[in-house]
Visitor: 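Quick one: structure below, then a few questions.
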Amino acid sequence: ETGVTQTPRHLVMGMTNKKSLKCEQHLGHNAMYWYKQSAKKPLELMFVYSLEERVENNSVPSRFSPECPNSSHLFLHLHTLQPEDSALYLCASSLITGTSGGGELFFGEGSRLTVL
Amino acid sequence: TQLLEQSPQFLSIQEGENLTVYCNSSSVFSSLQWYRQEPGEGPVLLVTVVTGGEVKKLKRLTFQFGDARKDSSLHITAAQPGDTGLYLCADRKPSGTYKYIFGTGTRLKVLA
């Protein structure tokens with residue numbers, strides 16, 4: 001089992017569809033992240049969960065809905081998306097220890113989303 | 001809002017050449033990280049630097065952190081096709097937050 005696994009790797013959906021992206025980490029980490037990677041833009045932090053509690057929500061539209069049922073799994077539920085939401089969605093995890101903050105981010109391979 | 005500008009944006013070179021890419025921050029770094037993202041993969045951490053003036057070496061890669069901790073460079077010696085990818089600098093913010101601010105990236109292609 002690899003460190004951070006994302007499924008599906010590719011997803012094409014219409015604007016009226018509902019789909020979900022899944023992320024699983026096998027590293028024993030306690031924080032999980034969703035990032036959006038678009039062409040010509042820096043990686044954008046969308047959501048952060050620490051110990052299954054959402055601790056960051058970067059003004060993401062409500063058509064993106066995260067879910068973190070336990071420290072190993074993270075979902076991103078998608079509904080009524082727009083074509084401009086087409087991007088690579090990256091999941092990451094890290095180990096938060098004491099007061100040192102997050103260390104290294106371990107990323108999955110990403111889910112390439114195309115909204116028609 | 002902190003901005004990380006990377007240059008050049010794109011770089012295409014022949015195998016065996018040397019190159020340097022740069023990362024400049026609008027404010028002092030808390031903790032600078034460099035990641036490499038190969039095509040079809042997620043970013044992978046190369047190095048973390050914390051101290052101004054610090055130099056770290058990773059095989060053919062040399063990372064330099066500016067004395068004022070607002071800029072950094074990555075030098076690759078004798079580039080190889082396996083070095084192809086997107087190089088990202090990031091600022092790992094201090095404890096109490098979970099923010100990592102990423103730069104705009106340098107996309108490197110090394111031709112055989």
Side-chain angles (χ1 to χ4, degrees), chain A residues 2-7 9-10 21 23 25 27 29-51 53-59 68 74 87-112, chain B residues 1-11 21-51 56 58 63 72 85-107 109:
Chain A
T2 55
V4 180
T5 305
Q6 290 188 241
T7 54
R9 293 291 309 277
H10 300 273
L21 307 180
C23 177
Q25 60 98 0
L27 300 168
H29 289 168
N30 54 14
M32 296 187 77
Y33 309 72
W34 279 117
Y35 279 89
K36 177 183 178 182
Q37 188 173 37
S38 308
K40 301 180 182 178
K41 284 179 135 182
L43 276 170
E44 299 172 65
L45 177 64
M46 299 177 72
F47 303 102
V48 183
Y49 277 82
S50 175
L51 299 173
E53 180 182 341
R54 192 189 310 178
V55 294
E56 290 282 347
N57 180 345
N58 267 11
S59 303
C68 187
L74 184 66
L88 182 68
Y89 289 85
L90 288 162
C91 173
S93 68
S94 72
L95 184 64
I96 309 293
T97 56
T99 58
S100 64
E104 174 181 356
L105 281 174
F106 288 79
F107 286 89
E109 294 174 318
S111 294
R112 172 73 60 186
Chain B
T1 304
Q2 182 184 20
L3 294 176
L4 301 186
E5 295 284 341
Q6 292 187 242
S7 61
Q9 195 174 355
F10 299 97
L11 190 56
V21 299
Y22 302 91
C23 174
N24 290 283
S25 174
S26 58
S27 57
V28 173
F29 281 98
S30 298
S31 176
L32 168 65
Q33 296 184 324
W34 281 94
Y35 289 80
R36 178 171 66 207
Q37 184 177 15
E38 297 183 15
E41 306 287 329
V44 175
L45 180 70
L46 296 173
V47 75
T48 299
V49 286
V50 179
T51 306
K56 282 193 174 180
L58 183 66
F63 303 87
S72 179
L86 179 67
Y87 288 80
L88 297 162
C89 64
D91 190 7
R92 190 191 79 186
K93 305 312 287 184
S95 59
T97 74
Y98 299 83
K99 287 189 182 295
Y100 294 73
I101 309 298
F102 281 85
T104 48
T106 291
R107 194 167 295 280
K109 188 168 187 178

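Only a predicted model underlies this, so the values are computations on that prediction, with no experimental measurement involved.
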Visitor: Is chain A contacted by the side chain of Leu46(B), its backbone, both, or neither, given a heavy-atom distance below 4.5 Å?
Guide: neither

Visitor: Can you tell me which portion of Leu88(B) sits under 4.5 Å from chain A's heavy atoms? Options are side chain, backbone, both or neither.
Guide: side chain

Visitor: I need the Ser111(A) OG to Gln6(A) CD distance, nearest 0.5 Å.
Guide: 4.5 Å

Visitor: Can you tell me how far apart CG (Leu45(B)) and OG (Ser94(A)) are? Round to the nearest 0.5 Å.
Guide: 11.5 Å

Visitor: Side chain, backbone, both or neither: which part of Leu90(A) has a non-hydrogen atom closer than 4.5 Å to chain B?
Guide: side chain

Visitor: Could you grab the distance from atom OG1 of Thr48(B) to atom OH of Tyr35(B), nearest 0.5 Å is fine?
Guide: 6.5 Å

Visitor: Please list, chain by chain and in numerical order, all residues satisfying side-chain hydrogen bond (donor to acceptor under 3.5 Å, both in side chains) with Trp34(A), sequence neighbours excluded.
Guide: none

Visitor: Run the ring pair (Phe, Tyr, Trp, His ring centres under 6.0 Å) test against Tyr35(A) and tell me which residues pass, sequence neighbours left out.
Guide: Phe107(A), Phe102(B)

Visitor: Between Arg107(B), Glu38(B), Gln6(B), Gln37(B), which has the largest tally of heavy atom pairs under 4.5 Å with chain A?
Guide: Gln37(B)

Visitor: Do you know which of Arg112(A), Lys41(A), Glu44(A), Gln37(A) has the most heavy-atom pairs with chain B at a distance under 4.5 angstrom?
Guide: Gln37(A)

Visitor: For Leu88(A), is it the side chain, the backbone, both or neither that has a heavy atom under 4.5 Å from a heavy atom of chain B?
Guide: side chain

